[in-house]
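See structure below.
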4 protein chains.
Amino acid sequence: MPKVSAAHRDSRRRQILDAAIECFARKGFQRTSMEDIIRESKLSAGAIYLYFHSKNEIIETLADARHQREKRLIAESFAGAGWTESLRALFTTFRDALVEPAEKKERRLGIHLWAEALCNPKVLRLIRRGINQPLESLSREIAKAQADGRLQKTVDPDAAARLLIALFHGFILQQAWDDRADVRAFANAAHAMAEAYFSAAPRSRRAPVRELQA
Amino acid sequence: MPKVSAAHRDSRRRQILDAAIECFARKGFQRTSMEDIIRESKLSAGAIYLYFHSKNEIIETLADARHQREKRLIAESFAGAGWTESLRALFTTFRDALVEPAEKKERRLGIHLWAEALCNPKVLRLIRRGINQPLESLSREIAKAQADGRLQKTVDPDAAARLLIALFHGFILQQAWDDRADVRAFANAAHAMAEAYFSAAPRSRRAPVRELQA
Amino acid sequence: MPKVSAAHRDSRRRQILDAAIECFARKGFQRTSMEDIIRESKLSAGAIYLYFHSKNEIIETLADARHQREKRLIAESFAGAGWTESLRALFTTFRDALVEPAEKKERRLGIHLWAEALCNPKVLRLIRRGINQPLESLSREIAKAQADGRLQKTVDPDAAARLLIALFHGFILQQAWDDRADVRAFANAAHAMAEAYFSAAPRSRRAPVRELQA
Amino acid sequence: MPKVSAAHRDSRRRQILDAAIECFARKGFQRTSMEDIIRESKLSAGAIYLYFHSKNEIIETLADARHQREKRLIAESFAGAGWTESLRALFTTFRDALVEPAEKKERRLGIHLWAEALCNPKVLRLIRRGINQPLESLSREIAKAQADGRLQKTVDPDAAARLLIALFHGFILQQAWDDRADVRAFANAAHAMAEAYFSAAPRSRRAPVRELQA
DNA sequence: AATGAATGAGGCTTCATTCAT
DNA sequence: TATGAATGAAGCCTCATTCAT
């Protein structure tokens, strides 16, 4: 029987993770020292190691949390009705996340994780999961919509799913580098582009788009 | 300053930068020690500091080189003829860069720079230049094409330029995380999507795409 | 102080000491953390500090226990009859202690204490007592046997006592480093050597053993 | 071609090892911090790690040096003439090493190594080598002397070799615990005992020494 | 120009012990 | 009595940079 509640334990972990997010978002993983996190969390060195085994474990915990969140956001967008509505919901969700100044830290953290994944196998695994599951579910939705005749069939579901994710990630970078980037304009344009692509009249009626030459 | 000396100087700098790229791509900036670069370059610690004042200066030099390169790639795509051809050239260039295994290191380095920019003001400045100039030139080309009537006018040139860059950056991430991502399929799909968006028949003739609701 | 409480207190102390022996024998004093002892004893940190003031006190308690035990073993060997029988009993006791696998932990602990004594004054004092008392009682027995004419007089009682102890300690090391060392063979040989030494016909009848030259 | 000579390198290593011996002899391995060694050696932290990869490597280097030395000492004792002289040489060598105050540090270090071996596999390996080679060479000499008829045959060469080593190790402990222990008296007595054992008139002529009973 | 030994601050983590409950 | 979370000093090691040669 725990002396302090599980709630207390969770709150301490939260306290540490919040401090870590603050520091990591500001300075990246390697430039942030445990000392920084200790100061920010107002805990002692020892206390932090009571809740996490290492700095790396903190990073991995945050990576995992982001993965869970991304998965949820995409799943929710597709919870509702038809393809057109889902696509709209997806872009709306995405836009709302990006205009929210409170999440700026998380977005910066996310970018640090993208780079971290290149040299940290555990983070890479989490990032892959965080991207593959959304890719697969997007891809599945696209294929489903095609099967139902609501979407033109020339679209490659996997590539199209990657397009959507790439748009999101790509803009997150632009926004991180320059706060003045216009999220709404981007989201509208991106949505319009996706709409144009997905629901374009069958190419056959128009001049066909030639594939890029090898 | 005799000519031989300048050539020698450049070759030494190249030697150091190549070693740095190798190391940074593999381990990121903070995980790479000067010792790593020294070993990889087969030079001595002292020699390296003869050509660069600090590790940071090496990073900044690399950041600048990437910026120059991106600017050039985009400029070249638009060197030629009309809008449609330019768009095609852009995607072809992009695709060719991504299938090239020899550039894998540079692509990884680029991602590290994206994150580095978040906590290194000098790198941020270089990244901004590296993105703003392409953004502006793309934007200018779009506006020009609209003015010439070759492009529908509903497109916001700035947002559209950002879309294109976002697609590129976004996919570079996906490829870095998973080598098996299909570059050609993505490039084709991205091109088709851009085509659909830019050269769509004026919306007025079709059901209008409603803006995302606030 | 009620009897129940004292019994309980002793049992708790035993529990802690047993855990400590286990850990110390395995990892030595400095490598064993209080955390290790806590885990092994299945008690809490606080509980342990209720029974011992510090890690050092645990070590000293164990050192003292060993001292008591050594003293007792030697005393018992000499409880009985004459010199020859006592010597035999001494080696038998010693051999029996070393073949006993159950005492392996204690033997290892003992070695750690020997080294610990070099930098821990309290342990040194206990070790000294643990060795001086046996030395003195052995020495006294030898002198007594000489006085009774049962032992040749050329033997220096103090040095001879040290010889015996040295044999024991020396072999304990060899066994600790290599389990395969043959205890019985060693004990037999050691006994034979001691016999040869102590009960040798007076040197005067034979070629005298010259002292080692300075 | 090295910038500084191999001699310089060796002298630096010596400087570090001497400091380490000083500290380790005084406080043991675990109580000695790298900080201690740094201070004692008058070098910087970084400098030390230029010559040794870790604190452990320093310990192992010292363990190896002792092993080499012990092997040499024993070999030298048996370099000369017959068995009796060799035995005498062995005890003389041993005694001379123990009376030398300059080697007190090394003797203490040796004891710390004996305990360290119990929890440090690399040190254990070195200690084993440091003891097995002497054991084997002693054992070989004994067997040889027996074959030549210079030694009675009832002696078990391996056990007898262990006896000798045990005497040495055992007394080193006693001396470390109490400086006043009389080395010369011990060495003389030990030598006399060994003599009595090895060159005793065949047992058959006297009352046989019964083996210790099981 | 070139070398590489040297510096010493600072990074991550552990640990004996305490104390509020 | 008993718990175990909390403390914070101290331990081992790395690293960007300098400088005598």
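Every chain is numbered from 1 and lettered A, B, ... according to where its sequence line falls, protein lines coming before strand lines. Because the structure is predicted, anything quoted here is derived from the model rather than measured.
- Atom-to-atom, CD of A:Gln30 to C1' of E:dC12 comes out at 12 Å; the value is rounded to the nearest Å.
- Rounded to whole Å, atom P of E:dC15 lies 16 Å from atom CG of C:Asn56.
- The side chain of C:Arg12 places no N or O atom within less than 4.0 Å of a non-bridging phosphate oxygen (OP1 or OP2) of F:dT1.
- Taking side-chain N and O atoms only, A:His8 has no distance below 4.0 Å to OP1 or OP2 of F:dG4.
- Contact between D:Cys119 and C:Arg26 at its shortest, heavy atoms only, is CB-O, 3.8 Å.
- Counting non-hydrogen atoms under 4.0 angstrom, B:Arg31 reaches nothing in the nucleic acid.
- Nearest heavy-atom pair across D:Phe24 and D:His112 is O-CD2, 3.3 Å.
- The side chain of D:Tyr49 approaches F:dT14 more closely than any other nucleotide in the set F:dT14, E:dT17, E:dT14.
- D:Phe52 comes within contact range of no nucleotide atom at all, as no heavy-atom separation falls under 4.0 Å.
- Between the side chain of C:Lys55 and the backbone N or O of C:Thr32, at least one donor-acceptor pair lies under 3.5 Å.
- Using N1 to N3 plus N6-O4 or O6-N4 for Watson-Crick, or N1-O2 and O6-N3 for G-U wobble, each under 3.5 Å, E:dA20 pairs with F:dT3.
- Of all heavy-atom pairs between C:Tyr51 and C:Glu57, the closest is O-OE2, 4.1 Å.
- Between the CD1 atom of C:Ile38 and the C1' atom of F:dA6 there is a distance of 13 Å, given to the nearest Å.
- If you measure from atom CG of D:Leu43 to atom P of F:dT14, you get 17 Å, rounded to the nearest angstrom.
- As rounded to whole Å, 15 Å separates atom C1' of F:dC12 from atom CD1 of D:Ile16.
- Between D:Leu113 and D:Val123 the shortest heavy-atom distance is O-CG1, 3.8 Å.
- Nearest-nucleotide positions on DNA chain E for A:Met34 and B:Lys42 put B:Lys42 closer to the 5' end.
- In a base pair of the Watson-Crick type (N1 to N3 plus N6-O4 or O6-N4) or a G-U wobble (N1-O2 and O6-N3), with each distance short of 3.5 Å, E:dA1 is matched with no nucleotide.
- Distance CG (A:Asp10) to P (F:dA5): 13 Å, rounded to an integer number of Å.
- Distance, A:Phe29 CZ to E:dG11 P: 17 Å, rounded to whole Å.
- Proximity note for D:Ala45 (side chain, C-beta onward) versus F:dC13, E:dA2, F:dC12: the nearest is F:dC13.
- With A:Arg108 contributing its side chain and B:Leu118 its backbone, the two residues share a donor-acceptor pair below 3.5 Å.
- In terms of phosphate contacts, C:Tyr51 brings no side-chain nitrogen or oxygen within less than 4.0 Å of OP1 or OP2 of F:dT1.
- Across E:dA6, F:dA2, E:dT17, the shortest atom-to-atom separation from the side chain of C:Lys55 is found for E:dT17.
- Remark: E:dT14 base-pairs with F:dA9; criterion is Watson-Crick or G-U wobble with both hydrogen-bond distances under 3.5 Å.
- Between the CD atom of A:Glu35 and the C1' atom of F:dT7 there is a distance of 13 Å, rounded to whole Å.
- Residue A:Leu50 has its side chain nearest to F:dA5 when only E:dT3, F:dA5, F:dT7 are considered.
- Each of B:Gly46 and D:Gly46 lies near DNA chain E, and the nucleotide nearest B:Gly46 is the one positioned closer to the 5' end.
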